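Worksheet: one structure, shown below.
Every heavy atom of this structure was used, including side-chain atoms; hydrogens, water molecules and symmetry mates were not. Everything quoted here is computed from the prediction, not taken from an experiment. Order of the sequence lines sets the chain letters (A, B, ...), proteins ahead of strands, with each chain counted from 1.
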Protein chains: 2
Amino acid sequence: MLKRRTYTCGLDAALDIMGGKWKALVLWELIDGPLRFGELRRRVAGISERVLILQLRELEKCGLLHRELYHQVPPKVEYSLTGFGQSLIKAMTPLGEWGERHQATIEALERGD
Amino acid sequence: MLKRRTYTCGLDAALDIMGGKWKALVLWELIDGPLRFGELRRRVAGISERVLILQLRELEKCGLLHRELYHQVPPKVEYSLTGFGQSLIKAMTPLGEWGERHQATIEALERGD
DNA sequence: GGTCCCCCTTACAAAAATGTCGGTACCCGG
DNA sequence: CCGGGTACCGACATTTTTGTAAGGGGGACC
């Protein structure tokens with residue numbers, strides 16, 4: 001969760017809210033519309049069920065995404081971006097594009113093995 | 001350090017290279033030109049000497065910044081962005097602006113106390 | 001009845017990130 | 001000789017993040 005209540009700059013605040021290994025990836029998957037828990041789980045490669053839940057909870061608490069529970073059997077839960085979340089996605093897009101442009105370069109870097 | 005050699009998308013790669021609590025902040029400070037170790041240490045509020053060194057080493061290894069050692073006494077070391085680093089900064093700018101716009105909102109969120 | 005799917009939850013464990021403290025080498029000025 | 005400033009290293013401790021395993025309640029399918 002968020003740890004500070006003051007930040008030295010906007011970037012600092014942004015990284016606190018969407019930093020970490022998974023949050024941005026989760027948000028990213030929701031660009032094209034709502035997804036169910038299971039769909040998210042399958043799309044975000046490598047994430048464990050538990051961690052996905054934790055990330056979703058935090059993103060929800062921060063107002064970046066919305067959780068809609070359908071009282072059905074079997075249960076259905078849909079996650080979608082809020083307006084706030086969408087604005088964040090837009091702000092992250094250039095970073096994503098940068099990463100895409102340089103992905104090969106980055107993958108070629110020596111690991112800290 | 002970098003942990004993977006393949007990424008699911010550009011954002012994934014970007015976050016791996018500049019994610020974490022400090023890297024982006026360090027890069028950010030270098031926007032306006034080179035800084036010495038001590039200057040960086042003073043500007044990046046809250047970072048410890050050791051952690052700053054670790055971050056600088058990693059950023060250097062990734063080719064995002066350049067370390068220039070002046071053989072003087074007392075020693076002088078200057079850190080500056082490489083072209084690669086500058087391109088990353090540019091890609092992070094919208095995120096920084098987003099954070100700035102929403103900084104008050106973010107600070108007002110409940111902490112996980 | 002057994003088993004599957006769904007969306008979680010809890011207890012526990014490992015790994016990664018971050019922090020603290022002390023020390024090094026150099027020279028200078030007092 | 002003592003202390004100050006610079007840039008850094010190493011051992012260690014703590015905190016944070018991420019992961020693993022197991023279970024649960026409610027149908028549905030065979």
Side-chain angles (χ1 to χ4, degrees), chain A residues 1-5 7-8 12 15-26 29-30 34-62 65-80 111-113, chain B residues 1-4 7-8 12 15-27 29-30 34-62 65-80 111-113:
Chain A
M1 269 310 283
L2 301 191
K3 287 164 281 303
R4 282 163 285 167
R5 49 202 91 222
Y7 299 98
T8 59
D12 195 11
L15 287 172
D16 200 23
I17 214 175
M18 51 62 82
K21 190 169 175 183
W22 301 112
K23 293 212 183 73
L25 283 317
V26 171
E29 291 297 332
L30 293 170
L35 289 177
R36 302 183 53 169
F37 178 82
E39 292 173 317
L40 269 173
R41 180 164 145 52
R42 280 185 291 274
R43 293 195 190 205
V44 182
I47 197 168
S48 75
E49 227 174 42
R50 180 184 125 80
V51 172
L52 176 56
I53 290 167
L54 292 176
Q55 304 300 308
L56 289 170
R57 291 285 175 280
E58 293 187 8
L59 292 169
E60 195 192 347
K61 265 193 190 167
C62 293
L65 56 77
H66 172 73
R67 176 172 186 268
E68 185 74 36
L69 168 64
Y70 297 87
H71 286 289
Q72 303 177 351
V73 167
K76 172 178 173 182
V77 182
E78 267 191 356
Y79 293 91
S80 57
R111 262 16 55 158
D113 298 341
Chain B
M1 268 310 283
L2 301 192
K3 287 164 282 303
R4 281 163 286 167
Y7 300 98
T8 58
D12 195 11
L15 287 172
D16 200 22
I17 214 175
M18 52 63 82
K21 190 169 175 183
W22 301 112
K23 292 213 183 74
L25 284 318
V26 170
L27 293 172
E29 291 298 332
L30 293 170
L35 289 177
R36 302 183 53 170
F37 179 83
E39 291 172 319
L40 269 173
R41 180 164 145 52
R42 280 186 291 276
R43 293 195 191 206
V44 181
I47 197 168
S48 76
E49 227 173 41
R50 180 182 128 79
V51 171
L52 177 55
I53 290 168
L54 291 177
Q55 304 299 310
L56 289 169
R57 290 287 174 278
E58 294 187 8
L59 291 169
E60 196 192 347
K61 266 193 189 166
C62 293
L65 56 76
H66 172 72
R67 175 172 185 270
E68 185 74 35
L69 169 63
Y70 297 87
H71 286 287
Q72 305 177 351
V73 167
K76 171 177 172 182
V77 182
E78 267 191 358
Y79 293 90
S80 56
R111 253 34 41 165
D113 299 342

Report the nucleotide, chosen from dC7(C), dT18(C), dC8(D), that has the shortest atom-to-atom distance to any side-chain atom of V77(B). dC8(D)
In whole angstrom, what separates I53(A)'s CD1 from dG23(D)'s C1'? 13 Å
Ranking dT18(D), dC8(C), dC9(D) by distance to the side chain of V51(A), first place goes to dT18(D)
Nearest 0.5 Å, what's the CZ-CG distance between R57(B) and L65(B)? 10.0 Å
Side-chain N or O of Q72(B) less than 4.0 angstrom from OP1 or OP2 on dC27(C)? no
Less than 4.0 angstrom between a side-chain N/O of K21(A) and OP1 or OP2 of dA17(C), yes or no? no
Under 3.5 Å, is there an N or O donor on one side and an acceptor on the other linking the side chain of R50(A) and the base of dT20(D)? yes
OP1 or OP2 of dC5(C) sitting under 4.0 Å from any side-chain N/O of R41(A)? no
Measure from the side chain of P75(B), starting at C-beta and using heavy atoms only, and say which of dC6(C), dC8(D), dT6(D) lies closest. dT6(D)
Sugar-phosphate only, base, or nothing, as touched by E78(B) at under 4.0 Å among non-hydrogen atoms: nothing
Closest to the 5' end of DNA chain D, once I47(A) and P74(A) are matched to their nearest nucleotides, is I47(A)
Look at the side chain of D12(A) and the backbone N and O of T8(A), then say whether any donor-acceptor pair between them is shorter than 3.5 Å. yes
Looking at E39(A) and R36(A), would you say the former's side chain and the latter's main chain have a donor-acceptor pair under 3.5 Å? yes
Does any donor-acceptor pair link the side chain of E49(B) with the base of dC8(D) at a separation under 3.5 Å? yes
Classify the nucleic acid contact of Q55(A) as base, sugar-phosphate or nothing, counting any heavy atom under 4.0 Å across all strands shown. sugar-phosphate
Looking at the side chain of R36(B), which of dT6(D), dG19(C), dC9(D) is the nearest nucleotide? dT6(D)
Does any N or O in the side chain of E29(A) come within less than 3.5 Å of the main-chain N or O of V26(A), such that one atom is a donor and the other an acceptor? no
If you compare every side-chain N and O of Y79(A) against the phosphate oxygens of dC7(C) (OP1, OP2), does one of them come in below 4.0 Å? no
